[in-house]
Amino acid sequence: MAFELPDLPYSHDALADLGMSRETLEYHHDIHHKAYVDNGNKLIAGTEWEGKSLEEIIKGTYQPGAVAQNGIFNNASQHWNHNQFWEMMGPGEKKIPGELEKALTEAFGSVEKFKEEFSAAGAGQFGSGWAWLVKDTDGSLKVTKTENGVNPLCFGQTALLGCDVWEHSYYIDFRNKRPAYLSNFLEKLVNWENVSARLA
């Protein structure tokens, strides 16, 4: 069963007033994400990974310590990352649910401290990659950053929130101002209900 590009969970212009333009979503979802799906399908065709789940492919093809990952991993992981990313954002309510607020405060000292740490991770990721809020294997919450398409699945972690810091995710709206993009993401774009649901 070939992987498919999922529809966005909202319209292409639903986030425009919140700092992510229709043009960005058209390029990022319709072109960049679609390329990961199409390339991934081509690469797994006729291999042992054909018919396997995205998660199985990611965990099975990740190479710890490798300077560069293989093509199957890169495309599968970026497909997974983007599936999460679209759901982690939304045009609705921006209040952080009580259970998540409590967990963030316990882990980082305050919600603001979490946001500072998350923004610093994203801004400090050299080149392309992602900033994450994860639930680690011991149940603790941590902020991490990963290069290129690497994601928390590679380390047995649960992704609660991820922000794409590849240039194509912010250059149209923020040019080279990655810190401003990260701040806007946390203040205006995150679907905190989705993040909270991942805690369970």
Side-chain angles (χ1 to χ4, degrees), residues 15 18-21 24-25 27-29 31-33 35-36 39-40 54-55 57-59 61-89 100 104 107-137 140-192 194-195 198:
L15 306 180
L18 304 173
M20 189 169 283
S21 65
T24 288
L25 284 173
Y27 272 96
H28 198 171
H29 174 269
I31 298 174
H32 284 283
H33 188 174
Y36 297 130
N39 291 332
L54 210 46
E55 290 77 10
I57 296 169
I58 290 165
K59 292 173 186 175
T61 59
Y62 175 64
Q63 298 170 307
V67 175
Q69 296 295 323
N70 60 83
I72 290 177
F73 172 85
N74 286 335
N75 285 281
S77 64
Q78 281 289 75
H79 178 31
W80 187 90
N81 290 352
H82 285 83
N83 286 347
Q84 312 310 310
F85 187 52
W86 309 132
E87 292 178 357
M88 290 167 172
M89 295 186 291
L100 177 60
L104 290 173
F108 301 98
S110 68
V111 172
E112 282 312 308
K113 288 282 186 199
F114 152 68
K115 289 180 177 179
E116 286 172 19
E117 201 171 315
F118 188 93
S119 294
Q125 171 56 40
F126 181 75
S128 301
W130 292 74
W132 302 96
L133 168 67
V134 302
K135 183 161 72 171
D136 212 343
T137 49
S140 64
L141 299 193
K142 291 178 180 165
V143 164
T144 66
K145 61 184 178 181
T146 57
E147 73 278 3
N148 300 319
V150 177
N151 65 47
L153 290 179
C154 303
F155 313 106
Q157 301 165 329
T158 301
L160 303 178
L161 179 64
C163 185
D164 188 345
V165 295
W166 287 57
E167 273 197 342
H168 62 238
S169 66
Y170 60 87
Y171 203 83
I172 290 169
D173 300 315
F174 291 90
R175 293 299 182 253
N176 64 339
K177 297 181 176 68
R178 189 190 285 183
Y181 158 73
L182 284 157
S183 175
N184 185 79
F185 174 78
L186 289 168
E187 297 305 322
K188 296 183 178 179
L189 290 169
V190 175
N191 176 351
W192 294 108
N194 181 276
V195 177
R198 294 166 183 264

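In this text the structure is predicted, and so the values were computed from the model without any measurement.
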* How would you list, by chain and number, every residue that makes a ring-ring contact (aromatic ring centres under 6.0 Å, His included) with His32, sequence neighbours excluded? -> His168
* If a pair satisfies side chain to side chain donor-acceptor pair (under 3.5 Å) and one of its residues is in residues 61-76, list it, with sequence neighbours excluded. => none
* Does the side-chain contact (heavy atoms from CB on, under 4.5 Å) test come out yes or no for Asn184 and Asp173, once each step is laid out? -> CA-CA 11 Å; Asn184 185 79; Asp173 300 315; over 6 Å; no
* To do: Give the minimum heavy-atom separation between Ser21 and Ile172, together with the two atoms involved.
  => OG-CG2, 3.9 Å
* Please check if the side chain of Ser77 supplies one atom and the backbone of Gly149 the other of a donor-acceptor pair under 3.5 Å. => yes
* Asked: Can you name the nearest heavy-atom pair linking Phe174 to Gly19, along with the distance?
  -> CE1-O, 3.4 Å
* Asked: In Å, rounded to the nearest 0.5 Å, how long is the span from NZ of Lys142 to OG1 of Thr137?
  -> 6.5 Å
* Could you tell me whether the side chain of Asn176 reaches within less than 4.5 Å of the side chain of Tyr171, counting heavy atoms only? => yes
* Within 6.0 Å of CZ in Phe155, more than 12 heavy atoms from elsewhere -> yes
* Asked: Does any non-hydrogen side-chain atom of Phe108 lie less than 4.5 Å from one of Leu141?
  -> yes
* **Trp166 and His82: CA distance, side-chain angles, deciding distance, ring pair (Phe, Tyr, Trp, His ring centres under 6.0 Å) verdict** => CA-CA 12 Å; Trp166 287 57; His82 285 83; 7.9 Å; no
* To do: Give a yes or no answer on whether the side chain of Ser183 reaches the backbone of Pro179 with a donor-acceptor pair at less than 3.5 Å.
  => no
* Asked: Which atoms form the tightest heavy-atom contact between Tyr181 and Asp164, and what is the distance?
  -> OH-O, 2.7 Å
* Asked: Side chains of Arg198 and Asn194: does their closest heavy-atom pair fall under 4.5 Å?
  -> yes
* Under the side-chain contact (heavy atoms from CB on, under 4.5 Å) rule, what do Phe114 and Leu161 come out as? Steps first, then yes or no, please. => CA-CA 12 Å; Phe114 152 68; Leu161 179 64; 4.1 Å; yes
* What are the two closest non-hydrogen atoms of Ala131 and Phe118, and how far apart are they? -> O-CZ, 3.6 Å
* Derivation and outcome, side-chain contact (heavy atoms from CB on, under 4.5 Å), residues Met89 and Phe185 -> CA-CA 8 Å; Met89 295 186 291; Phe185 174 78; 3.6 Å; yes
* To do: Check Asp136, Leu133, Asn151 against Gln157 for a side chain to side chain contact (heavy atoms under 4.5 Å, CB included) and give me the one that passes.
  => Asp136
* How many angstroms lie between atom CD of Glu116 and atom CD of Glu112, to the nearest 0.5 angstrom? -> 6.5 Å
* **Euclidean distance, Leu182 CG relative to Glu187 CD, rounded to 0.5 Å** => 11.5 Å
* Asked: Which class fits the ring pair Trp80 and Trp132: parallel under 30°, tilted 30 to 60°, perpendicular over 60°?
  -> tilted
* **From Met88 atom CE to Leu189 atom CG, the distance as rounded to the nearest 0.5 Å** => 13.5 Å
* Asked: Less than 4.5 Å apart, any side-chain heavy atom of Phe85 and any of His33?
  -> no
* Give a yes-or-no answer on whether the side chains of Gln125 and Trp130 include a donor-acceptor pair shorter than 3.5 Å. => no
* **Where Thr146 and Val150 come nearest, the two heavy atoms and their spacing** => OG1-O, 2.5 Å
* Taking C-beta and beyond as the side chain, do Asn191 and Glu87 meet within less than 4.5 Å on heavy atoms? -> no
* Asked: If you look at every heavy atom in Ser169 and Thr24, which pair is closest and at what distance?
  -> O-CG2, 3.8 Å
* **Pairwise distance CG(Asn148) to CZ(Phe73) - rounded to 0.5 angstrom** => 9.0 Å
